[in-house]
Structures are given as C-alpha cells and as structure tokens.
Peer 1: 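Can you read through this structure? Questions will come right after.
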Amino acid sequence: MVKSLVNLCLAAICQHELNDDLVMMPVECKQRLLEFFSSHDQLSASDCSSLVSSPTFGCNIPLLTFYLSTELTDEILCALTAKNKRVEKITLVDCPNVSDKGARAMTSGQRELSQLELRAMNQLSDAALDEVFSPCLVSVDLSGCGRITSHGIRRLVSRNPSIRCLYLNHCRSLDDQALYDIAHFVGSRLHILEVDFPTSLSDPAAALQHLSSQCPNLSQLSLARFFHDNLEDGPTETPQYIIDGINLREVDLYGNYFSHLPQLPQTVHSIRLSVSGDEDAQQLVASLLDQPCLSSINLLVTVREANITAVDNANALICAIVPLLGTKITKLQISVPRLFDEALTFVTEGLPNMTHLALEVNHLNTNILQKYFAGGTKSSASNLRSLKICRMRMTYRVLFAIARGARNLSDLETSHMYSVDDRFLCLLGGNCRSLKSINLNGCRYISDKGLAVLARRCPLQEVRIRGTSCTDKSIYILAQFCPDLEWISYADYSGRPKFSDAALQCLRDSCIQRDVYNIQARSSVRRGAATSNSANLSRKGATVAPAVRRIFTTSRCCSTTRVHSSFFCVLLPQIRITAQRPKPLFNATNTCGTLQEPNGNGPLLTDGPYPRGNARGHRNPLICRLSASADLPPPERTSAVFYL
C-alpha cells in the first residue's frame, strides 16, 4: 500500500501557514483541500476558517462532502455557497452543529443539484428542506433524520418530481401520508425506495400496496422491520401482504416475520428474508420456487425465543429450505443456540454459491465444519468473501482449516472466541491476502505478534481489537504498515483507553485522510447476529452510535508514492525538492521504513526491510526528499520515493 503525492502535498499545505493565494487553486484542488480540512478536524483553526470563509474559495466547487464533522457550522456552509450556485452533490453525515439555517443556505438556489444526502442529522426538521428545488435532483437520502415529518416529504417530492432514488431509513416521524405523497408525486419515476425501521405507520400494508401499485418503474425496495410485529403472538397473523411492481428486482424484508410470504411480482431477482422456524415451511418454499427470476436469497435464521421447540423448528426449516433452494442462497446468517448435524450438513454441502456466512451458535459439530473448510484452495469454502463466527467453541484444527481453506476472505469476525490466538493469525496472514476487515474483540490471547503478521501481509482497513492482549506495539505496527486504515476499535470494555496517547497519536499521523474511530464501552447498533459492533453509516439503516468519537488524523509519514501531476504542480511552490542517489531506505532518518519513538530515542521497529520497498521489482529508485520550506518545523519533514 502506498501514499500518493496528493496526500503528501495536502499534509504539507495544511501544516504550513495558509494564505489567501490558495483561493486561486483549481476547483479540484480546492475540493480536495476542503475535504482534507474536514476529515482532519482543522476547520476550526483560525487560518483555515478564514480561508474557507473567503468569498472566492467556494466558487464553482461541485461537491460538498462532510463526514462526522463537529466543526462544520452554518456560517461555513453559508460562506461556501454564497457565490457558488453550481453545486451538484451535497453530503452531510452526522454534523451536529449544522441547523436548519445552514441547510437552507446550502441548498438555496442550487438548480444543478443532483444528489442530496443529509444522513444522521437528527437536529434537522422540515424547515431544512424548504429551499430544496432543482430540476436535476435525482437522489435524496434523509436516513436518520428523525425530526423530518410527512409534511416535509410532501414539500420535497412535490417541488422535485425528478427524484428517482429516495432513502428514508430510521425516519421515525413519518406516517402513512408520506408513502401516499411519494406515490402521487414521484411514483412514475421512482426506481429505488428504502423505508427501513419506520415506527409511526398505522396501516403499513395498505400504504405499501398503494405505493407499489403506483410505482411501475420501482426496481429496488427495502422494508426492514416495516410491518408491525408482536413477539408474544409469534409471526404476524394477518392476511397475506401484496407488493406490486412490474419491474421490481430487489426486495429487502429483513426483520419481518410472516406466517405467509407476501405476494411478490414475478420479476424479483434478489430477496433478503428473515425466518424464525415458526413459518409454514412448505408454503415458504413453494412461494420462493414460484419466482422464476429469483437467483439470490439472503437468508437470516434467528430463534426469537430460547426454548426447545423454537430450536427444533429452526433446524427443521433449514433442512426444508436448503435442499430445494440451496443453489440460490448466496448469504446465510444463523443465530440459534444449537445447530443439529443434519442442518449443518445441509449448510456445508448444499450451498455451492454462498459467499457470506455468519454463525452465532453455541453448540454444533465442529468436525462437520472442519470438513467444509478442509482442502486448501479446493475447499468448498473457497468462495466465501465474508465469515463471521461469534462465541463458538472451536478446536485449533477447525481454525487452521478456516485459515487454509477460506483464502478469498475480505471480512472476518472471530469475536469472543478463546481458542483464537497468534498462531491462527499468522496462518491467516499467510493465506488470506485480501483481508480488509478483522474483528478480534474479546479474543484475549491475541497479542502483538499475530497482529503484526496481519498488518504486514493484508491491506487492513478495519481493525477491532477490544479485549485482546495487544499493546502499544500493535498500534505502531498498524501505523507503519496500514496507511489506509479507516476504523479501529481499541477501547477496553470498561470504556478506558487501553493504549498510550503517544501510540494513538502516531496512528493518527500515519493514516491518509481517514477517519479513525474509538468505540467506547457502549455497543453500537447491530443488525442481526454475528455482526461487527460498528456504527453503520451505509444507506441500509444509516445510524451513528452516540458513543462513537471521531479522532482527527494527519499525514506526515510517507511511503512509496505515485505522482499526481495536476495537484503537484499547484503545490510545488510550497515544497523544495532535492534528488540524491539512494542511501539505505530503511534507517532512522527515512520515515518510509522505520517509525521513530515519540520521544526521539531512535527507531521503534527494526524487523527488517519495509516489504513494500521493492514490491515493484525496480532496482534503481530515485529518492526525492520533500523537505518543507525554511519556516516549516523539522518534525513535519517527510520523504517520498519515485520509481522512474
């Protein structure tokens, strides 16, 4: 993994004294600089604030993107859009200091706006949508805006009939009237609609049937926990629901438990379905088999009551579904106290196209699971891209079979499993070179040694190491080998930070324009079993856990880089370049290969050459040392390597 010259130049400019000449940069450069200020929490700095608020800085910037920024205010948004009425995309995610005033100023007069995202903005009300009017508006995402009501949605869709994609997840103040208004004003043009986790619908079945009948072009419909459900009465005992739509292709029914599957159009290709075992298995299978175009099933099996009957029913349902629909099941999640051998055998032998598997099972036959992963590159599990296993008792043989057989994993969770240790991570790092997300929460025997192997060999972007034996050395290793790290969960379950401030600061300084998170003791929203304890900011259930705290990052350390000519030409006057023949690349003065102790006592890691140093096979690199101008303090000095 490399750092581009763009990021190095961004760091140099942001750490240098800002001046008014930067407003003359090209639009692309100003946009990147604005995103850099936001992601590194520098908007509140006096020089940065004056630069961003200058009358000409925001001119012609087409994209405004701010994620989890506590420093973004109404005044900054007003300054950026006062003379810029050509914004095409606006994205604000969990910016608590932006009010209705800022939202109105930001959207006022934007006739070229095509995409508007205001996610997890709980402070916004209907007034925030008063100025949204654009004949080009195609996509609107208001997920997590709990104060926006049906009145605001009616005003939005009536003034913007060109909307084709609408995301209203976790909008708890919406009632049935919002669905009727959507069907009336944008029904003929609507292609994507997500209404996950509504709480104020009085008759969701009637509203949904009317909506789907008035939207002939609707292709994707998400209804997670849409229908009313009483756990004490078992599955929903109501007449069969009807979902129309002549072009409907994807349906998400997560969290809805039916006695009978809703009547779906014959055009459905993909469905996400939650079952508990209390359903009529024959009717469920027959309904799914009647879908001629159905090719992908995301099945979630969950026991809603911990009793023997519920466990038996869940296992029986698996045995009934898998033999007939196994080739269509691509994602499977099972959360039951006990998984019988027959059901587990069907899972391991009857799902040839499965790419995602999640198991939260207290008791199962691990020998069957071992056979599933056995065989190395020829194992049945070689197609898996995601594997999540939680709180399961497994032998080392099973874990080693997983590390050898599931070689194409990009997402792995083995949380709260005492048998997971450094030996498993070492084997995993040697085989699973595409691993990007790892969840090791609660694995007390994981230490610095195992994590170091993963960091060196895998392009890690998300790391969760709460409740492990990792020390500051793991943080320094991640800082050295994982510059693309986006998420780290490291706090103890008591909420106390486990690592020193110096180590965490080193990690912040090494990440490239990323947001690094520290999840405190309170866990985040979980959608089902065996999922990561991270805040889900995607459109599917867009929420932000209140205990998440963003930590700013900077880019000082550098590694092998590639030249981005357009940005480098603009920032070139700020940097003095000197060339020299290569000295040893990995010494105390070159931050490419060796990290320094925060107190300057010498190199921290001396485990050999940086593995990326000669990854491209070049033998004669030319080292260009980017040393800042005279008034830049020495600690900001970086180095870059260009292969000619």
Side-chain angles (χ1 to χ4, degrees), residues 10-11 13-125 127-132 134 141-142 144-145 147 513-515 537 544 548-555:
L10 282 172
I13 289 297
C14 293
Q15 295 166 6
H16 194 269
E17 182 180 357
L18 302 177
N19 52 64
D20 296 337
D21 295 337
L22 295 178
V23 301
M24 306 305 296
M25 292 191 303
V27 173
E28 178 186 356
C29 300
K30 289 194 293 185
Q31 181 176 315
R32 292 292 302 271
L33 195 63
L34 183 61
E35 294 177 1
F36 192 90
F37 286 150
S38 175
S39 62
H40 291 74
D41 289 341
Q42 296 185 8
L43 286 176
S44 61
S46 58
D47 53 350
C48 176
S49 179
S50 61
L51 174 64
V52 173
S53 302
S54 60
T56 57
F57 183 83
C59 291
N60 299 325
I61 294 181
L63 308 178
L64 295 179
T65 305
F66 300 95
Y67 288 96
L68 292 92
S69 177
T70 59
E71 299 182 345
L72 182 66
T73 61
D74 295 342
E75 291 73 19
I76 294 178
L77 290 178
C78 293
L80 288 173
T81 57
K83 295 186 177 181
N84 182 13
K85 302 303 178 182
R86 304 185 63 181
V87 179
E88 300 175 2
K89 178 181 177 181
I90 297 176
T91 299
L92 270 65
V93 179
D94 192 23
C95 300
N97 294 324
V98 176
S99 65
D100 294 338
K101 176 184 176 181
R104 288 196 302 267
M106 175 180 58
T107 56
S108 177
Q110 303 295 348
R111 298 297 183 263
E112 298 182 11
L113 185 64
S114 62
Q115 185 172 345
L116 175 64
E117 297 183 18
L118 302 174
R119 290 186 278 156
M121 304 287 287
N122 295 316
Q123 69 278 13
L124 299 184
S125 64
L129 305 177
D130 288 346
E131 300 296 333
V132 180
S134 172
D141 189 349
L142 302 175
C145 297
R147 296 181 58 192
Q513 202 173 351
R514 301 292 183 184
D515 294 328
L537 293 182
V544 180
V548 174
R549 177 172 59 88
R550 194 162 73 90
I551 303 175
F552 77 95
T553 61
T554 55
S555 293

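Keep in mind that this is a model prediction, so the values were computed, not measured.
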Peer 1: Could you measure the distance from the CG atom of Leu113 to the OG atom of Ser108? Nearest 0.5 Å is fine.
Peer 2: 11.5 Å
Peer 1: Rounded to the nearest 0.5 Å, how far does OG of Ser99 lie from CG of Leu77?
Peer 2: 9.0 Å
Peer 1: Would the distance check show the side chain of Thr91 and the main-chain N or O of Thr65 forming a donor-acceptor pair, the cut-off being under 3.5 Å?
Peer 2: no
Peer 1: Can you tell me if Asn97 uses its side chain to pair, donor with acceptor, with the backbone of Thr73 under 3.5 Å?
Peer 2: no
Peer 1: Are side-chain heavy atoms of Cys95 and Leu68 found at a separation under 4.5 Å?
Peer 2: no
Peer 1: Rounded to the nearest 0.5 Å, how far does CZ of Phe66 lie from CG of Leu34?
Peer 2: 4.0 Å
Peer 1: Could you report the tightest heavy-atom contact between Gln110 and Ser134, atom names first, then the distance?
Peer 2: O-CB, 3.4 Å
Peer 1: Report yes or no: does Gln31 contribute a side-chain atom to a donor-acceptor pair with the main-chain N or O of Ile61 at less than 3.5 Å?
Peer 2: no
Peer 1: Pick from Asn84, Leu92, Leu80, Val87: which one makes a side chain to side chain contact (heavy atoms under 4.5 Å, CB included) with Met106?
Peer 2: Leu92
Peer 1: Within this structure, what is the CG-SG distance for the pair Leu129 and Cys145, rounded to the nearest 0.5 Å?
Peer 2: 8.0 Å
Peer 1: Are the side chain of Lys85 and the backbone of Thr81 linked by a donor-acceptor contact shorter than 3.5 Å?
Peer 2: yes
Peer 1: With a 4.5 Å heavy-atom cut-off, do Leu118 and Leu116 have their side chains touching?
Peer 2: yes
Peer 1: OH of Tyr67 to CG of Leu72: how many Å apart, nearest 0.5 Å?
Peer 2: 13.5 Å
Peer 1: Spell out, as yes or no, whether a donor-acceptor pair under 3.5 Å connects the side chain of Glu131 to the backbone of Ala105.
Peer 2: no
Peer 1: Does Ser114 use its side chain to pair, donor to acceptor, with the backbone of Glu88 at less than 3.5 Å?
Peer 2: yes
Peer 1: Considering only distance and modelled atom types, tabulate donor-acceptor pairs under 3.5 Å from the side chains of residues 48-59, sequence neighbours left out.
Peer 2:
residue : atom : partner : partner atom : Å
Ser50   : OG   : Ser46   : O            : 3.1
Ser50   : OG   : Asp47   : O            : 2.8
Ser53   : OG   : Ser49   : O            : 2.8
Ser54   : OG   : Leu51   : O            : 2.6

Peer 1: Check for a donor-acceptor pair, side chain of Gln115 on one end and backbone N or O of Lys89 on the other, with a separation under 3.5 Å.
Peer 2: no
Peer 1: Using 0.5 Å steps for rounding, measure from the CD atom of Glu71 to the CD1 atom of Ile76.
Peer 2: 8.0 Å
Peer 1: Please, which pairs that meet salt bridge (charged side-chain N to carboxylate O under 4.0 Å, His left out) have at least one residue in residues 96-114, sequence neighbours excluded?
Peer 2: Arg86-Glu112
